Amino acid sequence: MAALILSFLVTGPAQAVAQVAAACGTANAALNRPATASSAEGAGTPASAAVDGNAGTRWSSAFSDPQWLQVDLGTTQEICQVVLQWEAAYGTAFRVQVSDNASTWSDIYSTTTGTGGTQTLTVSGNGRYLRVYGTARSTGYGYSLWELTVRTTSTTPPGGGGDLGPNVHVFDPSMSSGSIQSTLDSVFTQMESNQFGTQRHALLFKPGNYNVNANIGFYTSIMGLGRNPDDVTINGQVRVDAGWFGGNATQNFWRSAENLSITPTGGTNQWAVSQAAPFRRVHVRGNLNLAPSGYGWASGGYIADSRIDGTVQPYSQQQWFTRDSNIGGWLNGVWNMVFSGVAGAPAQGFPEPPYTTIANSPVTREKPFLYVDASGAYQVFVPALRQNSRGANWPGTGTSIPLSRFYVAKPSDTAATINAALASGLNLLFTPGIYHVGQSINVTRPDTVVLGLGYATIIPDNGAVPLRVADVDGVKVAGLLFDAGSVNSPILMEVGPSGSGAAHAANPISIQDVFFRIGGAHAGKATTSLVVNSDHTIIDHIWAWRGDHGTGIGWTVNTADTGLIVNGDDVTAYGLFVEHYQKYQVIWNGQRGRTIFFQNEMPYDPPNQAAWMNGSTRGYAAYKVADSVTSHEAWGLGAYCYFNVNPSVVAERGFEAPVNANVRFHDLLTVSLGGNGTIAHVINNTGGPAQGTDTIPVKVVTFP
């Protein structure tokens, strides 16, 4: 029996968790599982005979090399032992391999001196599929196995609760303003220009009043720990500017503010950001300025569930999305300002002024958030579903889940440990840091909450799909960054398996502030970032980004086809930011889909037109509704080109959809940035070319 290793991790009142060391199990994970082989000597020696538990039946291959036997374990397993019971015709050279997808394999054992008989191999690896791959035989016959036994690691599931780790900085009103300011300044100094660093931070304020100025840099989240935003007041600023980048805010990514109120010094708070920088559940007792000092470039952002008492001042912001909020006024618009369920929003005005205003949001659920209750214990509040919503949703209704019902993950955790916690019925809280996973994290229980703090980042190893969600009700995934690994992953996040068909209208799956990156921090590859197969899913703010700068950037280096594929029906998306993928940026195959706000830049780097062709069509549209779709609607969409590697490249169209009275687009535009390339049409063959150094959008109000 494995020895017990006890470690008590405490936060708040008497929350503790005991973890138990893993041990190699005794059960045969391969028993009666589906098995296939490269060949069979005859009908009497099929692949299945090697996993039937009968030592009198066997698999035997054809008399040639190489040959293999493969078993599907059903789910990704942590494999610790493989037992091979050979017949007289055994392998002298063979490998034992594992895979998550039955196409990309990793060796966990290799030999050129196989002994035959019964070989018990101690191994270490993760995979759903296991394969014995033979390259040399002991006889002139084939490879022959009486039995293949696979044993997996057995663990006592880790418990819930625990401390939030060293990258979570918790402040309370009893602390001096000087000490709090010192920590805030130290974090900002580290993170101000740290665009592709590995550090991650969450700044958490317990209920009370604070006289501080919080400058927010990369991979930093500032959050109140009250049940409502007004429980925490910052008298000062929660500020983002662009001094680190010469007054240009177009790279102010990956930072957030949430669940607090701000009484800004001078009456105006500055939040000059671009993608992946949500401003959620914030009360600004004054104005909100979205531009950098000097009114330099800024490009895109997101506000939800907030109250701004004064005027929102976008100034140089090219596009912005605001959802379910209350605002005192809105100053101006550049290209694409979109409002959904916003009290105080300007009237519909597109094309001039460029306002797309929708009175109510069709279906919403606000993002779960961490708070402390009256006794000082941590809870996660999960807001309830709303229909036809308008205005901020607080205090609001919902459900509180104690932290003791969450597995509090640390960057040292393996996917196997996390899966064991999920399988035991726990929810999942990722503390700030970088997580490497060699297999999928599998969320299979209805209503599971998966919540990341401080831009917790998941990197798949060996081409794994890092997160899969089953086709079940009410899963909430929020606050994560997926960063593609060096081996191509087919998908970075999958919601529902292929062919999902369950109805979730009463309790949909939701995806909020979930971001995807291919390249930038390192060379990464992923075919598709997000695939949504489950019906009725709510997508509420994503940024899927194939990197255009940083490390590991190039047309054949950080390869990625598509940012988002929607196969589910009745999916609603708010705040889609999808950029630089090499084929269609978004493909929508499901019926009755809805998108409110879409921002896109096409890939910067096609080397020439021949390298970027969709059959006989020049380039790929940014947003493709499949020809089979008979009902779809979208509002407030923009697609831009900046073909700086070869400005002669042309995209035939920004948007592509079947011509059908029930497939409707409202308020869309294309633009060529500085004349670097051309988009010939806005949607299908409607709309003239976006081109020229004046950077003037081409707009279409309705289609068809």
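Any value given below was found using the heavy atoms of this structure, including those in side chains, with hydrogens, waters and symmetry copies removed. Since the structure is predicted, the reported quantities are computational estimates derived from the model, not experimental observations.
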TODO: Go through Lys624 and Asp627 one step at a time and tell me if the salt bridge (Lys or Arg N to Asp or Glu O under 4.0 Å) criterion holds.
DONE: CA-CA 9 Å; Lys624 165 69 174 178; Asp627 295 344; 3.2 Å; yes
Open item on the list: I'd like to know if the side chain of Asn442 pairs up with that of Thr444 as donor and acceptor (distance under 3.5 Å, no hydrogens or angles considered).
Closed with: no
Task: Single hit among Thr104, Ile518, Thr527 for side-chain contact (heavy atoms from CB on, under 4.5 Å) with Asn488 - done: Thr527
Task: Test item: side-chain donor near acceptor, Gln67 and Ser38, under 3.5 Å - done: yes
Task: Single hit among Phe516, Phe577, Phe253 for ring pair (Phe, Tyr, Trp, His ring centres under 6.0 Å) with Trp543 - done: Phe253
- [ ] Might you work through the ring-ring contact (aromatic ring centres under 6.0 Å, His included) test for Phe430 and Tyr435, ending with a clear yes or no?
- [x] CA-CA 9 Å; Phe430 284 94; Tyr435 296 74; 4.9 Å; yes
TODO: Flag the pair Phe643 / Ser648 as yes when at least one side-chain heavy-atom distance between them is below 4.5 Å, and no otherwise.
DONE: no
TODO: Measure from NZ or CZ of Arg517 to the centre of the six-membered ring of Trp254 and say whether it is under 6.0 Å with the direction within 45° of the ring axis.
DONE: yes
Open item on the list: Assess the residue pair Arg128 and Asp100 against the criterion (salt bridge (Lys or Arg N to Asp or Glu O under 4.0 Å)); give the C-alpha distance rounded to whole Å, side-chain angles, the decisive distance to 0.1 Å, and a yes or no.
Closed with: CA-CA 5 Å; Arg128 172 176 171 173; Asp100 268 345; over 6 Å; no
Open item on the list: Taking Arg546 first and then Asp605, would you say they form a salt bridge - that is, a charged N and a carboxylate O separated by under 4.0 Å?
Closed with: yes
- [ ] Please determine if Arg131 forms a cation-pi arrangement with Trp105, meaning its NZ or CZ atom is less than 6.0 Å from the six-membered ring centre and no more than 45° off the ring axis.
- [x] yes
Task: Heavy-atom neighbours of Tyr141 OH exceed 12 at 6.0 Å - done: no
TODO: Look at the rings of Phe655 and Tyr623 and say which category their plane angle falls in: under 30° parallel, 30 to 60° tilted, over 60° perpendicular.
DONE: tilted
Open item on the list: I'd like to know if the side chain of Thr630 pairs up with that of Gln591 as donor and acceptor (distance under 3.5 Å, no hydrogens or angles considered).
Closed with: yes
TODO: Compare all side-chain heavy atoms of Pro411 with those of Ile434 and state whether any distance is below 4.5 angstrom.
DONE: no
Open item on the list: Check the orientation of Phe515 and Tyr455. Use parallel for under 30°, tilted for 30 to 60°, and perpendicular for over 60°.
Closed with: parallel
TODO: State, yes or no, whether a side-chain contact exists between Arg95 and Val132 at a heavy-atom distance under 4.5 Å.
DONE: no
